[in-house]
Amino acid sequence: MSESPASEASVNESTEKAAEKPFLTVVNGNPTDEDLAVLVSVLAGAGAGGGEPEPEIRNDWGRPVDRLRPQWGAPSSFTNLRY
């Protein structure tokens with residue numbers, strides 16, 4: 001299936017509009033080329049993102065909750081037993 005000429009024309013117009021629109025404009029002041037380069041790199045780095053984060057491996061070693069659990073096998077494990 002081929003696209004109609006009207007839809008191809010609308011795609012071309014939208015890409016031309018996107019190309020004409022500036023990435024950023026300076027409203028006030030007179031920044032140097034270095035200032036603009038720093039600003040563009042910071043904005044590009046912030047917008048890049050890292051994709052979806054990988055799930056972390058659960059590490060239960062040293063959790064504070066483990067201190068509250070009774071220790072089985074220790075001499076004080078069975079303090080309420082009556083013989």
Side-chain angles (χ1 to χ4, degrees):
M1 294 183 165
S2 65
E3 295 182 11
S4 65
S7 64
E8 289 178 9
S10 65
V11 170
N12 289 338
E13 289 175 7
S14 65
T15 56
E16 288 176 5
K17 288 180 184 177
E20 292 173 5
K21 185 177 179 183
F23 176 70
L24 98 110
T25 57
V26 177
V27 179
N28 191 4
N30 190 13
T32 64
D33 291 338
E34 292 175 356
D35 293 337
L36 291 176
V38 168
L39 181 62
V40 168
S41 63
V42 167
L43 292 176
E52 293 191 25
E54 296 180 11
E56 294 183 16
I57 298 172
R58 185 173 175 178
N59 186 2
D60 290 337
W61 189 86
R63 288 180 44 201
V65 176
D66 291 337
R67 294 184 202 162
L68 304 174
R69 295 183 182 150
Q71 296 179 0
W72 293 99
S76 61
S77 294
F78 305 103
T79 53
N80 293 331
L81 284 179
R82 295 184 185 185
Y83 293 101

Set of residues satisfying side-chain hydrogen bond (donor to acceptor under 3.5 Å, both in side chains) with respect to Thr25, sequence neighbours excluded: none
Test applied, side-chain contact (heavy atoms from CB on, under 4.5 Å); reference residue, Asp35; option that passes from Thr32, Val38, Leu39, Asp33: Thr32
I'd like to check the side-chain contact (heavy atoms from CB on, under 4.5 Å) partners of Ile57; sequence neighbours left out, ordered by chain and number. none
Residues clustering with Leu36 (ILVMFWY side chains joined when closer than 4.5 Å, directly or via others): Val26
